[in-house]
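All remarks here apply to the structure that follows.
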Protein chains: 2
Amino acid sequence: MPPGFRGHGRHRRCQRGPMPQRIDGFIEPALLLLLRNDPTHGYGLMEGLQGLWLRDYPVDSSAVYRTLRGLEEMGMVSSTWDTDITSGPPRRMYRITPDGEEYLAHWADDLRATEEVLRAFLAAYDRRAAEAAGPP
Amino acid sequence: MPPGFRGHGRHRRCQRGPMPQRIDGFIEPALLLLLRNDPTHGYGLMEGLQGLWLRDYPVDSSAVYRTLRGLEEMGMVSSTWDTDITSGPPRRMYRITPDGEEYLAHWADDLRATEEVLRAFLAAYDRRAAEAAGPP
DNA sequence: TTATACTATGTGCAGGTTACACATAGATGC
DNA sequence: GCATCTATGTGTAACCTGCACATAGTATAA
């Protein structure tokens with residue numbers, strides 16, 4: 001919030017949250033994209049999200065695990081318990097399925113369309129801002 | 001969905017909906033931006049949304065009216081019944097307030113950050129897609 | 001050996017948003 | 001009279017998010 005900004009925060013939708021302004025269900029494609037590189041377990045994916053796109057934004061572990069289970073129900077990923085580890089609690093390793101790759105591709109299409117809407121909005125916003133600042 | 005794509009649709013988050021992949025609460029800044037041009041009534045704003053950014057995506061009237069009332073509660077817009085019209089049902093005209101302009105600016109900052117996350121995601125997606133297609 | 005911290009997976013729940021269906025009503029044209 | 005367009009709303013089920021909390025294995029240090 002800019003300093004000096006007052007208002008009824010309880011009603012406000014636009015607040016600094018975990019993600020800038022979150023895209024509905026974004027962690028789903030994010031997890032799938034990470035899994036396309038390598039099979040990984042939930043905790044590792046959490047760290048991957050954090051480091052890759054969501055620097056400075058906390059990632060909720062429950063969302064990660066729930067989303068992974070959801071994706072498995074859908075058949076987009078499959079999981080097995082990792083037996084190779086010698087230290088730490090057991091890990092469930094996830095890998096992407098062919099259906100998951102297709103699903104990810106569909107997500108990418110949709111996100112591209114979303115990005116265009118966003119770009120158009122921001123361009124319109126900046127255009128008006130420039131006019132207000134100094135019309136020729 | 002690509003043809004031939006099967007799955008448990010009931011669980012699927014990524015489906016063609018009203019907006020490509022919707023940004024949480026996007027109509028709020030969209031309405032404010034439209035109102036920055038001119039005071040308008042709800043129905044006119046609906047048509048504005050439709051024509052401007054959301055071509056081909058239906059706009060839910062209830063979302064528009066509810067959002068407008070929410071913005072008014074927050075003090076971001078103010079409304080008066082339009083007495084100048086001679087035809088049709090009464091119109092409630094909305095105009096943006098100074099608080100609303102500031103709020104819109106904050107939204108724009110957030111949406112810019114969101115757009116960057118999206119761009120990074122799509123770039124990563126395309127990079128992998130290119131490698132899969134034909135590595136040098 | 002107790003305590004502490006880190007890794008790792010998970011459940012429960014309140015609060016908020018969305019999409020859909022539905023309600024109401026003035027004006028206009030046939 | 002009746003349909004249709006304009007215009008403003010309510011009700012609600014389903015869903016997602018963020019937060020708090022539960023559980024447990026391993027390692028390190030006091």
Side-chain angles (χ1 to χ4, degrees), chain A residues 8-31 40-50 54 57-74 79-94, chain B residues 8-31 40-50 54 57-74 79-94:
Chain A
H8 327 286
R10 50 191 171 283
H11 293 306
R12 187 154 312 152
R13 293 186 210 186
C14 181
Q15 290 169 330
R16 293 258 171 247
M19 226 178 300
Q21 269 303 322
R22 48 218 163 272
I23 293 142
D24 228 34
F26 180 69
I27 49 172
E28 209 176 67
L31 291 175
T40 320
H41 62 287
Y43 195 87
L45 288 166
M46 253 186 71
E47 293 178 327
L49 283 181
Q50 193 78 74
L54 302 179
Y57 300 106
V59 172
D60 184 22
S61 67
S62 74
V64 171
Y65 290 116
R66 258 195 276 261
T67 303
L68 285 170
R69 252 175 300 142
L71 286 169
E72 188 162 26
E73 268 181 51
M74 287 191 262
S79 76
T80 52
W81 288 101
D82 186 355
T83 55
D84 296 347
I85 47 161
T86 55
S87 83
R91 297 172 169 186
R92 176 174 283 193
M93 296 295 283
Y94 287 91
Chain B
H8 327 286
R10 52 190 169 283
H11 293 306
R12 187 155 311 152
R13 293 186 211 185
C14 181
Q15 290 170 328
R16 293 259 171 244
M19 225 179 300
Q21 269 303 324
R22 45 216 166 270
I23 294 143
D24 228 36
F26 179 71
I27 48 170
E28 210 176 64
L31 290 174
T40 320
H41 61 288
Y43 194 86
L45 288 166
M46 255 187 68
E47 293 178 328
L49 284 181
Q50 193 77 74
L54 303 179
Y57 301 106
V59 172
D60 184 21
S61 68
S62 74
V64 171
Y65 291 117
R66 258 195 273 260
T67 303
L68 285 170
R69 253 174 299 141
L71 286 170
E72 189 163 23
E73 268 181 51
M74 287 190 264
S79 76
T80 51
W81 288 100
D82 186 356
T83 54
D84 296 347
I85 46 160
T86 53
S87 82
R91 298 172 169 185
R92 176 174 284 193
M93 296 296 283
Y94 287 91

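Numbers restart at 1 for each chain; the letters A, B, ... are given by sequence-line order, proteins then strands.
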- Note on the structure: note: A/Tyr43, atom OH; D/dA24, atom C1'; distance rounded to Å ~ 14 Å
- Query: Closest approach of A/Arg92 and A/Trp81, non-hydrogen atoms and distance?
  - Reply: NH2-CZ2, 3.4 Å
Filtered N/O pairs between nucleotides 10-12 of chain C and protein, under 3.5 Å:
unit_1	atom_1	unit_2	atom_2	d
C/dT11	OP2	A/Arg69	NH1	2.5
C/dT11	OP2	A/Arg69	NH2	2.9
C/dG12	O6	A/Arg66	NH2	2.5

- Message: In this structure, how many angstroms lie between the C1' atom of C/dG26 and the CG atom of B/Asp82, rounded?
- Response: 14 Å
- Message: What is the separation between atom CG on B/Leu45 and atom C1' on D/dT6, rounded to the nearest whole Å?
- Response: 15 Å
- Between D/dG9 (C1') and B/Glu72 (CD): distance, integer Å: 14 Å
- Task: When you get a sec, tell me which of D/dC19, C/dT7, C/dT17 is the closest nucleotide to the side chain of B/Asp24?
- Result: C/dT17
- Task: Starting at atom CG of B/Asp60, determine the distance to atom P of D/dG9, rounded to an integer number of angstrom.
- Result: 14 Å
- Listed by chain and number, what are the side chain to side chain donor-acceptor pair (under 3.5 Å) partners of A/Ser61, not counting sequence neighbours? none
- What residues, two or more places apart in sequence or in another chain, satisfy ring-ring contact (aromatic ring centres under 6.0 Å, His included) together with A/Tyr94? none
- Does A/Asp82 have any side chain to side chain donor-acceptor pair (under 3.5 Å) partners at least two apart in sequence or in another chain, and if so, which? none
- Query: Which residue lies toward the 5' end of DNA chain D, A/Thr67 or A/Pro90, if each is placed at its nearest nucleotide?
  - Reply: A/Thr67
- Message: Rounded to whole Å, please give me the gap between NE2 in B/His41 and P in D/dA7.
- Response: 4 Å
- Please state how far atom CD1 in B/Ile23 lies from atom P in D/dC16, giving the value in whole angstrom units. 17 Å
- side chain to side chain contact (heavy atoms under 4.5 Å, CB included) with A/Ile27: which residues, sequence neighbours excluded? A/Leu49, A/Ala63, A/Thr67
- Listed partners of A/Glu47 passing side chain to side chain donor-acceptor pair (under 3.5 Å), at least two apart: none
- Message: Rounded to whole Å, please give me the gap between CD1 in B/Ile27 and P in C/dT17.
- Response: 10 Å
